[in-house]
Amino acid sequence: MTLTADLSGRVAVVTGASSGIGRHFCSLLSRSGATVVAAARRLERLQELADGEPGIVPQACDVTQADDVARLIETAIVHGGPHVVINAAGFGEATPAAETSIADFQRTLEVDLTATFAVAQAAAAAMPEGGSIINIASILGLSGSWPVTQAAYCAAKGGVVNLTRQLGAEWARDGIRVNAIAPGWFPSEQTDEMFANERSLSWVKRNTPVGRPGRLDELDGALLLLSSDASSYITGQILAVDGGWTAH
Ligand SMILES: NC(=O)c1ccc[n+]([C@@H]2O[C@H](COP(=O)([O-])OP(=O)(O)OC[C@H]3O[C@@H](n4cnc5c(N)ncnc54)[C@H](OP(=O)(O)O)[C@@H]3O)[C@@H](O)[C@H]2O)c1
């Protein structure tokens with residue numbers, strides 16, 4: 001099923017746009033009529049994406065660098081936005097908690113949580129007429145990940161969940177809605193290795209009530225709902241798209 005919404009005249013910023021979920025959302029938003037400022041560190045990948053889709057503007061950006069974030073929002077302003085901001089940049093590493101260095105823990109928080117706040121804050125300052133900010137959290141922000149060992153990632157995504165609630169409430173009267181999507185397991189660079197491992201894949205299938213990982217297009221309904229005026233009275237919410245993972 002190909003879903004679209006009417007986002008013509010809107011300018012969207014998508015971080016984490018060079019692969020996986022962020023890249024998929026760039027195409028979806030562009031297909032829905034938005035101009036999309038696509039941000040990540042690997043500019044050549046963004047360029048390749050933009051070559052195939054005229055509404056996409058590539059922007060090199062390390063979300064942990066304040067100057068890069070400022071330039072990103074500046075680009076969105078030049079194009080007449082931002083109206084919609086998707087925080088999809090992120091990563092996670094599986095290391096037992098007892099062996100995770102404080103530096104590695106902080107690095108995960110910096111990319112997954114602090115940068116989500118930094119992009120949201122810079123974007124909100126550039127949304128005088130309101131807008132929609134969508135953070136990509138995770139089911140691993142709603143529960144732990146055992147037997148997978150990724151304490152830093154779980155902590156960061158748990159932070160994104162409650163940050164979303166707080167910003168949603170704090171900015172509601174400015175017309176800025178802040179919501180999160182908490183995906184279950186979806187194909188991306190982050191999950192490639194896991195899905196290639198038969199044992200890990202069958203663990204995902206066994207523990208997901210629907211019995212399989214998600215397809216990227218199964219995130220489209222949630223993204224279009226939260227990006228468009230269809231969610232004008234929804235803010236501070238976490239929408240799990242997880243085949244029932246968090247239902248049991
Ligand atoms: N796939 C899943 O099953 C799943 C489930 C739940 C949540 N998520 C979340 O979904 C989001 C997207 O992940 P994905 O699964 O699509 O993984 P992915 O394919 O590995 O994509 C991660 C993206 O984040 C970008 N990124 C990482 N560090 C960055 C930085 N410092 N500055 C700018 N961009 C950075 C990467 O771009 P560059 O390397 O080019 O900078 C890449 O575009 C993440 O927040 C992830 O935690 C994924």
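We count ligands from 1, going down the list as the structure has it; atoms in each ligand are counted the same way. Numbers here are sequence positions counted from 1.
- Summarising the contacts of atom 38 (P) of ligand 1 with A240, A115, S18, the nearest heavy atom is found in S18.
- The nearest protein atom to atom 27 (C) of ligand 1, hydrogens excluded, is given as R41 NH2, 3.5 Å; this is a heavy-atom distance.
- Placement of V241 and V84 within a single hydrophobic cluster is found when ILVMFWY residues are connected by side-chain heavy-atom separations under 4.5 Å, directly or transitively.
- Those atoms of ligand 1 that come under 4.0 Å of a heavy atom in P183, given as number and element, are 5 (C), 6 (C), 7 (C).
- Neither the backbone nor the side chain of P213 has a heavy atom within less than 4.0 Å of ligand 1.
- The shortest distance between side-chain heavy atoms of I133 and W171 falls below 4.5 Å.
- Only the side chain of V111 comes within 4.0 Å of ligand 1, counting heavy atoms alone; its backbone N, CA, C and O stay farther away.
- By the 4.0 Å heavy-atom criterion, F91 is excluded from the residues contacting ligand 1.
- Annotation: atom 31 (N) of ligand 1 to nearest protein heavy atom, D62 OD1, 3.0 Å.
- Across the listed options A182, A88, G20, A88 owns the non-hydrogen atom lying nearest to atom 13 (O) of ligand 1.
- Contacts of K157 with ligand 1, taken as heavy-atom pairs under 4.0 Å, involve the side chain alone.
- Counting only heavy atoms of the protein, atom 15 (O) of ligand 1 lies nearest to S188 OG, 2.6 Å.
- For atom 22 (C) of ligand 1, the nearest non-hydrogen atom of the protein is G90 O, 3.5 Å.
- Ionic pairing of R212 and E218 is present here: one or more N-O contacts between side-chain nitrogen and carboxylate oxygen are shorter than 4.0 angstrom.
- The six-membered or imidazole ring of W203 lies near that of W245, with a centre-to-centre distance under 6.0 Å.
- Here the heavy atom of the protein found nearest to atom 5 (C) of ligand 1 is G184 O, 2.9 Å.
- Under a 4.5 Å side-chain heavy-atom criterion applied to ILVMFWY residues, the cluster that includes I238 comprises L142, V161 as well.
- A salt bridge does not link D104 with R107: every distance from a Lys NZ or Arg NE/NH1/NH2 to an Asp or Glu carboxylate oxygen is 4.0 Å or more.
- Atoms of ligand 1 found under 4.0 Å from any heavy atom of W185, numbered from 1 in the order shown, are 3 (O).
- Residue-level proximity to ligand 1 for A39 is absent, since no heavy atom of it falls below 4.0 angstrom.
- Residue contacts with ligand 1: S138 is placed with no nitrogen or oxygen under 3.5 Å of a nitrogen or oxygen of the ligand (distance criterion only).
- Using a 4.0 Å cut-off to heavy atoms of Y153, the atoms of ligand 1 that qualify are 6 (C), 7 (C), 8 (N), 9 (C), 46 (C), 47 (O).
- Counting protein heavy atoms only, atom 48 (C) of ligand 1 is closest to I21 CD1, 3.6 Å.
- H79 contributes atom NE2, which lies 9.5 Å from atom CD of Q59 (distance to the nearest 0.5 angstrom).
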Side chains of residues 15-26: which donor-acceptor partners sit under 3.5 Å, not counting sequence neighbours?
unit_1: T15; atom_1: OG1; unit_2: A88; atom_2: N; d: 2.9
unit_1: T15; atom_1: OG1; unit_2: A89; atom_2: N; d: 3.0
unit_1: S18; atom_1: OG; unit_2: R42; atom_2: NH2; d: 3.4
unit_1: H24; atom_1: NE2; unit_2: L216; atom_2: O; d: 3.4
unit_1: H24; atom_1: NE2; unit_2: D220; atom_2: OD1; d: 2.7

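- Every atom of ligand 1 is numbered from 1 in the order shown, and the set under 4.0 Å from a heavy atom of T191 is 1 (N), 2 (C), 3 (O).
- The residue among A89, C61, G22 with a heavy atom at the shortest distance from atom 26 (N) of ligand 1 is A89.
- Within the listing of ligand 1, atoms 1 (N), 2 (C), 3 (O) sit less than 4.0 angstrom from a heavy atom of F186.
- Which parts of ligand 1 touch A17 is read off a 4.0 Å heavy-atom cut-off, strictly below it: atoms 43 (O).
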